[in-house]
Participant: 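Below is one structure. I have some questions about it.
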Amino acid sequence: MGIIISIVNQKGGVAKTTTAINLSAAIGQKGKKVLLVDLDPQGNATSGIGVNKKELEYTTYDVIMGEIRPSEAVIKTNYKNVSIIPATQSLAQSELQLAAFDKKTLQLRKALLQIKDEYDIIIVDCLPSLGVLALNGLSACDRIIIPMQCEPYSLEGVAELLATVKRVKASTNKGLQIMGIVFTMLDKRLIVNKEVMEAIKSNFPPDTIFKTEIPRNVKISEAPSHGEPITYYDSSSKGAEAYKKLAAEVIKRADSAGKML
Ligand SMILES: Nc1ncnc2c1ncn2[C@@H]1O[C@H](COP(=O)(O)OP(=O)(O)OP(=O)(O)O)[C@@H](O)[C@H]1O
Ligand SMILES: [Mg+2]
């Protein structure tokens, strides 16, 4: 039985996609079968994992509109145990088109349920919004991971996200839970990073926060333009080490969540 994890934060540029790509690859390297789902019209997870957006037959758009079986959109990546449902700009149209659907936030859930058992872990890279597409991401998953950059205003955005999670839980997805918050792009030399980190920690139960912190690391920012996850691009870099550790934590939490599902 697989588990679906959405990577969410409506704030832009907090390392959702970076975390989705690198977690998928690192979890795959640990022997688990992974499906990465690109739920962002920017398609950064797609290109970042080395898939050419110009050569796609089907994408998340076709899946979410219910036009094909989801397995038809799955393609293998060059990385061990990792497949992807890719996305392109076309996904943006679905935001409007879905409005006409009866259960417009449940389309992704319906689709992923058909293939859930074929994977150990499905990771959904959400777009920076709390609109219909992102609500599909929240309604489809068992757990969410919230990447957070320790900057002023980070906490404000999270309050809104948590309120949305609560609403989704009360309506379309009763089993939804937070797997954890992960601090990203951390530079502990910056006092502001440290201060915000302490503020976030004091607002959440300790086990909500992953032990692994992702440092700011230039190799991580270089890797996507080579279409490679960090553990392949430079496996001994600090960034790669961090994502390997985070993968181990996620697998552990997924295993214990799996027993409850
Ligand atoms: N640990 C890190 N060290 C250095 N750069 C990083 C790190 N993590 C992410 N970045 C860079 O920060 C930028 C934003 O990251 P990313 O695209 O993953 O964020 P996002 O939350 O997915 O953005 P969006 O909201 O637009 O989807 C990218 O250029 C990425 O390469
Ligand atoms: Mg992104």
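Every number for a ligand or one of its atoms is a count from 1 in the order of the listing. We're numbering straight along the sequence, starting at 1. We use all heavy atoms of the structure for the numbers below, so side chains are in, but hydrogens, waters and symmetry mates are not.
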Participant: For the residue pair Cys141 and Leu176, what are the closest heavy atoms and their distance?
Facilitator: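 Residues Cys141 and Leu176, closest heavy atoms: SG-CD1, 3.5 Å.
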Participant: Charged N to carboxylate O under 4.0 angstrom, Lys30 versus Asp120?
Facilitator: no
Participant: If the criterion is any heavy atom closer than 4.0 Å to an atom of ligand 1, which residues make the list?
Facilitator: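 Lining ligand 1 at under 4.0 Å, by heavy atoms, one finds Lys11, Gly12, Gly13, Val14, Ala15, Lys16, Thr17, Thr18, Asp40, Gln42, Pro128, Met185, Ile214, Pro215, Arg216, Asn217, Ile220, Ser221.
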Participant: Can you get from Ile181 to Ile251 by hopping between Ile, Leu, Val, Met, Phe, Trp and Tyr side chains that sit under 4.5 Å apart?
Facilitator: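 No; tracing contacts between hydrophobic side chains, which count when under 4.5 Å, never links both residues.
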Participant: So for atom NZ, which belongs to Lys53, do other residues, nucleotides or ligands contribute more than 12 heavy atoms lying within a distance under 6.0 Å?
Facilitator: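 Enclosed: over 12 neighbouring heavy atoms sit under 6.0 Å from NZ of Lys53.
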Participant: Without placing hydrogens or testing angles, list every side-chain donor-acceptor pair under 3.5 Å for residues 193-200, not counting sequence neighbours.
Facilitator:
from	atom 1	to	atom 2	distance (Å)
Asn193	OD1	Asp187	N	2.9
Asn193	ND2	Cys150	O	2.9

Participant: So does Lys238 pair up with Glu241, basic N to acidic O under 4.0 Å?
Facilitator: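 A salt bridge is absent here (no side-chain N lies under 4.0 Å from a carboxylate O).
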Participant: If Ile, Leu, Val, Met, Phe, Trp and Tyr residues are connected whenever their side-chain heavy atoms lie under 4.5 Å apart, and connections chain through other members, are Ile49 and Leu246 in the same group?
Facilitator: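 Hydrophobic grouping puts Ile49 with Leu246.
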Participant: What protein N/O/S atoms lie closer than 2.8 Å to the Mg ion (ligand 2)?
Facilitator: Thr17 OG1
Participant: With side chain to side chain donor-acceptor pair (under 3.5 Å) as the rule and sequence neighbours excluded, what pairs involving residues 2-21 come up?
Facilitator: Gln10-Glu160, Thr17-Asp125, Thr19-Tyr243
Participant: In the single-linkage hydrophobic clustering (I, L, V, M, F, W, Y; side-chain heavy atoms under 4.5 Å), do Val250 and Val34 co-cluster?
Facilitator: yes
